[in-house]
Amino acid sequence: MGKYNSNKHDKQKNRAQAPPQAEQTNRGGGYLTWVVKNVGVALVVGFLLSRCLEVQQGYNWAYNSLLKGNMATIRANPNLTVAQKNEMKLGIDYAYLQFVRNATPEDAVILYPSVDDFFPEGVESPFKHGISNKMWGLRFLYPRKLVLPSEMETNRYAGDITHVAIVNGRGYERLNYEVDASVVHGVLPVKH
Amino acid sequence: MLYSGLFLTFASGFVFVHCFSLRFTLAEKTGLAFPLGMALECFLMLFLDQAGIPLTPVPLLTVQTLLLAGLCAFVYFYRTNALKSLWASVSRPSLKGINLVWLLFILATAYMEYMNLSKCLYFPPSDGDSLAGFETIGYILAQEHTLKGLSIFDASYMPGIHGPASYITYAPFVQLSYAYVYALGAETSKVIPGLMYLFFLLAFYGATSRVAGRTGAAVATFFMLLTPEMLGFSSLSMTNNMHAVFASLSVIYLSLWFTKREKKDLLLCGVLLGGNILCRTEGIVFIGSVLLLLFIDAFRSKQYKGFLQASLFALVPLLVWTLYTKLNGLYAESIAITHLFWDAEKAGIITSYMWMLYNNTLYYGWSFVVFLIAFLANLWFLIRRRDSLGLLLAIGLSSLFYILILYQIDYKWDTIDNVLSYSAKRFMFCFIPMLWYFSVTNHAVKSLFLKLERFLAHTSLRDAK
């Protein structure tokens with residue numbers, strides 16, 4: 001009994017002393033298990049994720065075209081100015097508005113082409129975006145004032161027009177003088 | 001000057017969140033800081049403009065500095081230990097729930113958002129709808145220093161200005177925030193949508209992790225970010241994603257209120273609803289559904305104070321904006337049909353378009369599919385415990401109200417097909433974060449994520465608080 005007690009006491013003593021070592025072993029084993037479990041599950045999840053980006057058409061487009069495609073463009077053209085980027089995105093629409101902007105003073109009142117002038121029926125127009133919208137045009141021409149042909153009766157600036165915008169060879173008839181109509185896109189002053 | 005303005009915006013929003021409670025997570029506080037700071041600034045710009053003060057850099061930065069000082073004073077006097085609490089959350093971040101799967105999704109999200117933000121900041125605004133509206137209004141506003149007196153709001157210069165669906169009645173958040181950065185010297189306004197989305201991801205992650213744990217929140221944030229159409233629009237200068245930030249977070253905080261019954265979530269839900277209506281007029285559907293649910297909840301518990309406070313936060317911006325438009329003659333021909341009617345063909349078109357959108361995995365990835373699976377998996381807990389019932393009702397009611405609005409519109413400025421194909425498609429962005437939030441926070445899925453976290457956690461962190 002005594003021996004037993006003594007043994008028990010020793011065991012208890014040993015057990016009491018054991019934790020630091022056991023914890024050490026446990027922690028070592030614990031970390032290894034933790035790493036194995038995490039790496040294993042992360043590899044499986046990573047594989048599924050990459051498959052998902054390949055298989056699902058929408059995610060594939062978002063990752064490969066939208067994100068990676070645009071990053072490639074950005075990396076290839078890191079030092080473009082805002083104007084150059086605008087031209088890259090908006091093409092000739094922006095180039096034309098920049099031309100008009102450079103060719104007219106800030107206080108100009110421009111007779112702006114109509115939708116039909118920008119996109120004549122049956123004719124391939126070089127313009128692709130929303131340039132025929134007056135607000136759209138104003139974003140790049142402000143503080144110049146724009147008057148549409150349809151607003152000649154209602155727009156307060158209709159009597160103050162200083163320039164006429166020409167697109168697709170249209171708009172010459174709105175000038176108050178004769179001119180060689182060979183220029184397809186341009187802007188011409190009105191004679192006062 | 002631009003960086004000072006952006007910092008002030010962030011700081012005002014950050015301190016503003018602390019006015020409600022110090023107990024939001026750091027991710028929530030940081031994530032909400034920019035959207036709420038910008039909403040506050042835009043709200044103040046309306047008052048400045050009404051008072052005839054030009055919206056130039058000096059008044060803008062002065063009023064924001066004063067706002068920040070006022071908010072700091074409120075936190076100092078009414079929230080004890082604010083700095084201590086903030087320091088504690090920064091210096092002793094909890095490691096619970098950290099595992100390699102979480103890290104994988106966080107890194108993937110960060111990488112994708114890095115590319116998305118780079119794209120957003122690199123390209124100037126080029127989307128047609130924005131150039132024909134918000135972007136141009138913001139740009140000209142920054143030159144003319146006024147919203148109510150804008151030259152492009154003058155009918156003698158823009159004869160169609162009071163026509164149906166005219167830009168004169170657009171809710172003010174986007175154009176005012178663009179004007180703010182243009183006035184402070186920005187070359188393009190894209191810093192606004194870029195930062196709004198970046199901070200939104202953080203706020204969404206923070207709010208979701210409070211219920212679903214870190215791993216569930218990381219997975220939801222990743223897939224929400226990757227939603228193809230939403231990701232595409234997040235780097236454009238359109239209103240839809242910014243609206244989705246406020247609308248979805250307001251419903252998520254409503255759900256947090258129902259789950260945790262912490263007053264801070266209820267008040268924040270109200271504030272976000274207010275931001276939502278400053279973004280887009282259709283935001284009224286979220287105000288309607290959320291306030292209705294809050295009212296039912298208050299009626300059942302006979303406790304109306306919280307409901308009234310949240311309603312106040314939600315409705316004041318709407319009232320101020322409505323008053324502002326009335327005082328300044330900013331009106332357009334109505335497109336609403338105010339009497340009830342039945343048009344089977346119109347109802348059929350709307351239903352079929354909406355159904356097509358719900359099924360479109362090219363636009364929304366697996367958002368609706370995963371939501372449906374999660375819904376079915378959680379059906380037992382929904383029936384037995386009413387788990388996530390409030391959230392589901394908010395999603396369902398908001399969708400229903402939106403469909404009703406689509407039905408009650410007189411499509412005299414555009415075709416119904418165009419509106420459904422483009423506007424409705426983008427309106428769905430508001431629901432995507434809600435769907436992902438539900439998909440990982442319902443009891444069935446949440447339990448799986450928490451089990452996964454326990455399985456992957458190190459023993460020393462498993463029971464950590």
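Distance OH/B/Tyr139 to CZ/A/Arg139: 5.0 Å, rounded to 0.5 Å. Atoms OH and CH2, on B/Tyr363 and A/Trp61 in that order, are 10.5 Å from each other to the nearest 0.5 Å. The distance from atom CD of B/Glu229 to atom CG of A/Leu66, rounded to the nearest 0.5 Å, is 9.5 Å. Rounded to the nearest 0.5 Å, atoms OG1 (A/Thr33) and CG (B/Leu456) are 12.5 Å apart. Note that CE of A/Met71 and NZ of B/Lys119 are 12.0 Å apart. Values are rounded to the nearest 0.5 Å.
Within the 3.5 Å criterion, the main-chain N or O of B/Pro124 finds no donor-acceptor partner in the side chain of A/Lys89. Listed for the A/Lys85 side chain is a donor-acceptor partner under 3.5 Å among the backbone atoms of B/Tyr122. Checking side-chain atoms of A/Gln56 against main-chain N and O of B/Thr361 turns up a donor-acceptor pair under 3.5 Å. For the pair A/Tyr94 (side chain) and B/Ser126 (backbone), a donor-acceptor distance under 3.5 Å is absent.
Taking B/Ala108, B/Ser118, B/Gly133, B/Pro125 one by one and counting their heavy-atom pairs under 4.5 Å with chain A, the maximum is reached by B/Ser118. Ranked by non-hydrogen atom pairs under 4.5 Å with chain A, the options B/Thr227, B/Asp129, B/Ile140 are led by B/Ile140. Ranked by non-hydrogen atom pairs under 4.5 Å with chain A, the options B/Thr188, B/Asp154, B/Leu452 are led by B/Asp154. Top candidate by heavy-atom pairs under 4.5 Å with chain A, chosen from B/Phe105, B/Phe222, B/Phe123, B/Tyr114, is B/Phe123.
The closest side-chain heavy-atom distance from A/Val35 to B/Leu100 is not below 4.5 Å. In this structure, the side chains of A/Leu138 and B/Met158 come closer than 4.5 Å at one or more pairs of heavy atoms. Counting heavy atoms from C-beta on, the side chains of B/Met112 and A/Leu67 come closer than 4.5 Å. No side-chain heavy atom of A/Met135 sits under 4.5 Å from any side-chain heavy atom of B/Phe134.
Contacts between A/Leu49 and chain B at a heavy-atom distance below 4.5 Å involve the side chain alone, from C-beta outward. Residue contact with chain B, scored on non-hydrogen atoms closer than 4.5 Å, involves the backbone and the side chain of A/Asn77 alike. Both the backbone and the side chain of B/Leu231 have a heavy atom closer than 4.5 Å to some heavy atom of chain A. For B/Asn360, no part sits under 4.5 Å from any heavy atom of chain A, backbone or side chain. Interface remark: A/Val44 contributes no atoms to any contact with chain B (heavy atom separation under 4.5 Å). Only the side chain of A/Asn133 comes within less than 4.5 Å of a heavy atom of chain B; its backbone N, CA, C and O stay farther away. Neither the backbone nor the side chain of A/Leu43 has a heavy atom closer than 4.5 Å to any heavy atom of chain B.
Taking each heavy atom of B/Tyr157 and A/Arg156 in turn, the nearest pair found is N-CD, 4.2 Å.
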